[in-house]
Visitor: 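The structure follows.
Note that the numbering runs from 1 along the sequence shown for the chain. All heavy atoms count here, side chains included; hydrogens, waters and symmetry mates do not. We count ligands from 1, going down the list as the structure has it; atoms in each ligand are counted the same way.
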Amino acid sequence: MRVLLLGGTSDARDLAEVLRAADLEVIESLAGRTAEARASEQARVGGFGGVAGLANYLQIGRVDAVVDATHPFAATISGNAAAACRSVGVRLIRLERPGWTAHPWQASWTWVPDHEAAAQAVGCLGPGRVLLTVGRQSLDAYAGLPDVVARVAEWQGDPVPTGWRILEDRGPFELAEEIALLRTEQVIGLVSKDSGGEQTAAKLDAAHSLGVPVIMVQRPEAPRGVLRVATSDAVLAWLGAA
Ligand code: NAP
């Protein structure tokens, strides 16, 4: 069975190994946003050309099933996968790690629908430095903020706004280092996406322990009618390879 695995996350990397170990033919697909992705020898890299391009790829490549294991905030590719699979009759499943909506501190956070609302909410915190952990591609929405430390996995040399500092670092992060970062930078607010998972969750405990307000950007709506599961085992079972 030939499976197209839409990836770009650590969950997708792990799933690729699991599926290959089950003797499935896996084509892992990456957008190519990072140097690591572009250098990948195992994956196919780059966009498909929208819904039509992906539908065409599925047909020409004789793909039997698609697993969408992209990041919860990669809404365009997930929507494209749903539409393309529907149009050519290929099965689709979504592997999605649970978000932080049930996190012990979630009731104390300010939940906002998007990055523009998050930037506005930061403006209400008063003067001081905020830590943005929203990913490189979302930073434009915060350009008006005067005092920012933005932590990103990879910076690609774009100009940095005045009053901003970029911190290139990649999880997993430990509680002690997150507390040290918030203290050293004298952070008065933390902005995060509801990405979920363990690797970047320590910042939430750190903020709670220091009384630093958290602004949390909600996940975009998932495409309707797509089966969603949270584990590799559930994907394997769905593929009939468990
Ligand atoms: P996006 O906005 O949903 O997608 C934009 C376009 O990038 C898509 O229309 C598609 O181009 C291409 N694309 C995205 N993911 C692809 C994949 N896995 N394989 C082939 N093409 C892909 O995506 P994004 O938010 O820029 O994220 C890009 C990648 O980074 C995703 O694979 C995602 O898993 C990963 N990532 C995203 C985030 C995040 O916060 N957004 C965080 C960590 C990792 P075409 O229309 O030409 O097919």
Visitor: For ligand 1, which atoms, with element, lie under 4.0 Å from some heavy atom of Leu30?
Guide: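 Answer for ligand 1: 17 (C), 18 (N), 19 (N), 20 (C).
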
Visitor: Can you check which of Gly32, Ala74, Ser29 brings a heavy atom nearest to atom 25 (O) of ligand 1?
Guide: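 The nearest heavy atom belongs to Ala74.
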
Visitor: Of the choices Val217, Thr76, Val134, Asp68, which has the non-hydrogen atom that lies closest to atom 1 (P) of ligand 1?
Guide: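 Considering heavy atoms of Val217, Thr76, Val134, Asp68, the nearest to atom 1 (P) of ligand 1 sits in Thr76.
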
Visitor: Search all heavy atoms of Phe73 against all heavy atoms of Ser195 and return the closest pair with its distance.
Guide: CE1-N, 4.2 Å

Visitor: Please check this pair: side chain of Thr70 against backbone of Gly8, looking for a donor-acceptor N/O pair closer than 3.5 Å.
Guide: no

Visitor: Which residue holds the protein heavy atom closest to atom 32 (O) of ligand 1, what is that atom called, and what is the gap in Å?
Guide: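 Here the closest protein heavy atom is Gly7 O, 2.7 Å.
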
Visitor: Using a strict 4.0 Å cut-off to heavy atoms of Gly8, name the atoms of ligand 1 that fall inside it.
Guide: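 Near Gly8, meaning under 4.0 Å from one of its heavy atoms, ligand 1 has 32 (O), 34 (O), 35 (C), 36 (N), 44 (C).
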
Visitor: Less than 4.0 Å between a side-chain N and a carboxylate O, is that true for Glu25 and Arg62?
Guide: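 Salt bridge between Arg62 and Glu25, a charged N being under 4.0 Å from a carboxylate O: no.
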
Visitor: Applying side-chain contact (heavy atoms from CB on, under 4.5 Å), name anything that partners Gln199, two or more places apart in sequence or on another chain.
Guide: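 Gln199 satisfies side-chain contact (heavy atoms from CB on, under 4.5 Å) with Ser10, Pro172 once adjacent residues are dropped.
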
Visitor: Distance to 0.1 Å, residue and atom name: give those for the protein heavy atom nearest to atom 40 (O) of ligand 1.
Guide: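 Nearest neighbour among protein heavy atoms for atom 40 (O) of ligand 1, to 0.1 Å: Lys193 NZ, 2.3 Å.
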
Visitor: Is the closest N or O pair between Leu6 and ligand 1 shorter than 3.5 Å?
Guide: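 N/O-N/O distance under 3.5 Å: no.
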
Visitor: Could you report the tightest heavy-atom contact between Val217 and Ala118, atom names first, then the distance?
Guide: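 Between these two residues, the closest heavy atoms are CG2-CB, 3.9 Å.
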
Visitor: With under 30° as parallel and over 60° as perpendicular, where do the rings of Trp105 and His208 fit, or are they tilted in between?
Guide: parallel

Visitor: Would Thr9 count as being in polar contact with ligand 1, using the rule that some N or O on each side must be under 3.5 angstrom apart?
Guide: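 Min N/O separation from ligand 1 is not below 3.5 Å for Thr9.
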
Visitor: Among all the protein's non-hydrogen atoms, which is closest to atom 46 (O) of ligand 1, and how far away is it?
Guide: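 Here the nearest protein heavy atom works out to Gly50 N, 3.1 Å.
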
Visitor: When only distance counts, is Ile77 in polar contact with ligand 1, meaning an N/O pair under 3.5 Å?
Guide: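 In this structure, Ile77 places an N or O atom under 3.5 Å from an N or O of ligand 1.
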
Visitor: So is Gly46 touching ligand 1 or not, going by heavy atoms under 4.0 Å?
Guide: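 Within the 4.0 Å threshold, so yes.
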
Visitor: Can you list the ligand 1 atoms lying under 4.0 Å from a non-hydrogen atom of Gln137?
Guide: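 Checking each atom against Gln137, I get 24 (P), 26 (O).
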
Visitor: Asp147 vs Glu185, test: side-chain contact (heavy atoms from CB on, under 4.5 Å). Steps then yes/no.
Guide: CA-CA 11 Å; Asp147 194 354; Glu185 296 291 343; over 6 Å; no

Visitor: Could you walk me through whether Leu4 and Phe48 pass the side-chain contact (heavy atoms from CB on, under 4.5 Å) test, one step at a time?
Guide: CA-CA 12 Å; Leu4 176 66; Phe48 297 94; 4.1 Å; yes

Visitor: Would Ser78 count as a polar contact of ligand 1, with the cut-off being nitrogen or oxygen pairs under 3.5 Å?
Guide: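 For ligand 1, there is no N or O atom that lies under 3.5 Å from one belonging to Ser78.
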
Visitor: Distance to 0.1 Å, residue and atom name: give those for the protein heavy atom nearest to atom 48 (O) of ligand 1.
Guide: Phe48 N, 2.7 Å

Visitor: What distance separates Glu178 CD from Ser209 OG, expressed to the nearest 0.5 Å?
Guide: 10.5 Å

Visitor: Taking side-chain hydrogen bond (donor to acceptor under 3.5 Å, both in side chains) as the definition, give me every residue that meets it alongside Trp238, ordered by chain and number, with sequence neighbours left out.
Guide: none

Visitor: Any idea which protein heavy atom is nearest atom 43 (C) of ligand 1, and the distance to it?
Guide: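 Sorting protein heavy atoms by distance from atom 43 (C) of ligand 1 puts His71 CD2, 3.4 Å first.
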
Visitor: So, does Asn80 use its side chain to make a donor-acceptor pair with the main chain of Gly50 at under 3.5 Å?
Guide: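 Such a contact is absent between Asn80 side chain and Gly50 backbone.
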
Visitor: Give the numbers and elements of all ligand 1 atoms closer than 4.0 Å to a heavy atom of Ala75.
Guide: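 Those qualifying, in numeric order: 3 (O).
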
Visitor: Where is the nearest protein heavy atom to atom 47 (O) of ligand 1: which residue, which atom, and how far?
Guide: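 Atom 47 (O) of ligand 1 sits closest to the protein heavy atom Gly49 N, 2.9 Å.
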
Visitor: Using a plain distance cutoff, I'd like to know if Arg44 has any nitrogen or oxygen under 3.5 Å from a nitrogen or oxygen of ligand 1.
Guide: no

Visitor: I'd like to know whether ligand 1 has Asn80 as a neighbour, heavy-atom separation below 4.0 Å.
Guide: yes

Visitor: Please determine which of Val187, Val148, Ile215, Val212 meets the side chain to side chain contact (heavy atoms under 4.5 Å, CB included) test together with Val130.
Guide: Val148

Visitor: Among all the protein's non-hydrogen atoms, which is closest to atom 17 (C) of ligand 1, and how far away is it?
Guide: Ala31 N, 3.6 Å

Visitor: Give me the residue, atom name and distance of the protein heavy atom closest to atom 5 (C) of ligand 1.
Guide: Arg33 NH2, 3.4 Å

Visitor: For Trp111 and Gln106, which heavy atoms make the closest approach, and how far apart are they?
Guide: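 Closest approach of Trp111 to Gln106, heavy atoms only: NE1-O, 3.1 Å.
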
